[in-house]
Number of protein chains: 2
Amino acid sequence: MDKKSRNMLYDRQAEILKALAHPLRIAILDYLKDGEQCVCDIAKHVASERSNVSRHLAIMVSCGVLECRKDGLNVIYRLKARCILDFLECATTCLKQQANENVKLLRAI
Amino acid sequence: MDKKSRNMLYDRQAEILKALAHPLRIAILDYLKDGEQCVCDIAKHVASERSNVSRHLAIMVSCGVLECRKDGLNVIYRLKARCILDFLECATTCLKQQANENVKLLRAI
DNA sequence: ATACTATGTGATTATATAATCACATAGTAA
DNA sequence: TTACTATGTGATTATATAATCACATAGTAT
């Protein structure tokens with residue numbers, strides 16, 4: 001891969017990571033892993049304002065993480081690809097490793 | 001897991017994702033996957049200012065993604081855990097899926 | 001028609017992030 | 001000692017992000 005393509009890849013990777021890098025958006029993803037939901041229910045579940053949730057959903061749609069469809073008055077959001085959930089697993093794995101290191105350190109004191 | 005713990009987990013997950021969500025930081029990680037490097041060489045490799053690179057490195061150290069050691073005048077940085085690289089693979093996988101969807105769409109036109 | 005509900009968006013404000021320059025510090029070399 | 005190199009950090013500025021409120025729109029129900 002040449003330098004230009006590599007930098008483009010880094011940009012896109014950063015974009016997708018940034019789209020996930022917010023506690024509320026992670027909460028939304030974690031909720032949607034069990035199935036599609038309307039904005040109203042999502043907002044209730046993550047305990048945040050509808051308009052704010054709507055904005056976070058739009059961010060994730062615009063970078064291809066979520067997709068949505070209209071159903072009467074409601075708009076239903078769902079994961080666009082299951083692989084999105086892998087990010088959350090990676091994060092959990094890293095956090096577990098960090099916790100283990102801390103335990104080791106604590107025992108060494 | 002109770003609600004409070006869950007929200008703490010989301011916070012930590014978001015933190016680690018945010019620490020990776022920048023093109024320059026991804027470039028640095030991609031460089032460090034092949035072995036530890038000093039700030040000077042990293043800066044040269046990613047073609048950015050030393051002080052700026054230093055700041056990005058500090059961000060990743062502070063959230064447990066990188067670690068460093070002094071070697072004379074130099075400070076050598078390395079990945080703290082290989083699992084960090086999994087994030088980049090996840091991102092690449094997602095981008096490939098998106099690209100495939102676009103190809104399908106293109107063919108359908 | 002009116003009233004209601006779900007959603008999205010403009011405007012605003014507060015805060016966070018990023019890049020740059022100048023400078024301080026720490027170690028090296030002569 | 002002086003000169004040099006690698007690094008980190010304070011100060012500044014520009015930009016991005018997030019949250020909130022008010023309002024507009026679209027669909028539903030009566």
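So that the names make sense, note that chain A is the first sequence line, chain B the second, and so on, each numbered from 1. Computed from a predicted model, the values in this text were never measured in an experiment.
Between Cys68(B) and Ala21(A), the residue whose closest nucleotide on DNA chain D is further toward the 5' end is Cys68(B).
Pairs of Watson-Crick or G-U wobble type, with distances under 3.5 Å, assemble into runs of 3 or more in DNA chain D at these ranges: C:1-30 with D:1-30.
A pairwise comparison of heavy atoms in Ala81(B) and Gln97(A) identifies CB-OE1, 3.3 Å as the closest pair. Of all heavy-atom pairs between Cys83(A) and Cys94(B), the closest is SG-SG, 3.0 Å.
Checking side-chain atoms of Arg12(A) against main-chain N and O of Thr92(B) turns up no donor-acceptor pair under 3.5 Å. Of the possible donor and acceptor atoms, one in the side chain of Gln13(A) sits under 3.5 Å from a partner among the backbone N and O of Leu88(B). Formation of a donor-acceptor pair under 3.5 Å by the Asp71(B) side chain with backbone atoms of Asn74(B) is not found in this model. Formation of a donor-acceptor pair under 3.5 Å by the Lys18(B) side chain with backbone atoms of Glu15(B) is not found in this model. The closest donor-acceptor contact from the side chain of Arg69(A) to the backbone of Arg78(A) lies at 3.5 Å or more, if one exists at all. A distance-only check finds no donor-acceptor pair linking the side chain of Gln37(A) to the backbone of Ile42(A) [under 3.5 Å]. Remark: the backbone N or O of Arg50(A) is not paired with any side-chain donor or acceptor of Ser54(A) at under 3.5 angstrom. Remark: side-chain polar atoms of Gln98(B) are paired, donor with acceptor, to backbone N or O of Cys63(A) under 3.5 angstrom.
Across residues 24-43 of chain B, Cys38(B), Val39(B), Cys40(B) each have a non-hydrogen atom less than 4.0 Å from an atom of DNA chain D (numbered order). Of the residues in residues 44-55 of chain A, those placing a heavy atom less than 4.0 Å from an atom of DNA chain D are Glu49(A), Ser51(A), Asn52(A), Arg55(A), in numerical order.
For the pair Arg69(A) CZ and dG27(D) C1', the computed distance is 16 Å after rounding to whole Å. Distance CD1 (Ile76(B)) to C1' (dT7(D)): 12 Å, rounded to an integer number of Å. Between Lys70(B) atom NZ and dG27(C) atom C1' the separation is 6 Å, expressed in whole Å. In this structure, CG of Leu57(A) is placed 10 Å from C1' of dT7(C), rounded to the nearest angstrom. Rounded to whole Å, atom C1' of dA18(C) lies 13 Å from atom NZ of Lys18(B).
Between His22(B) and His56(B), the ring-plane angle classifies as tilted under the 30° and 60° cut-offs.
If you check dG27(D), dA6(D), dG8(D) against the side chain of Asn74(B), the one that comes closest is dA6(D).
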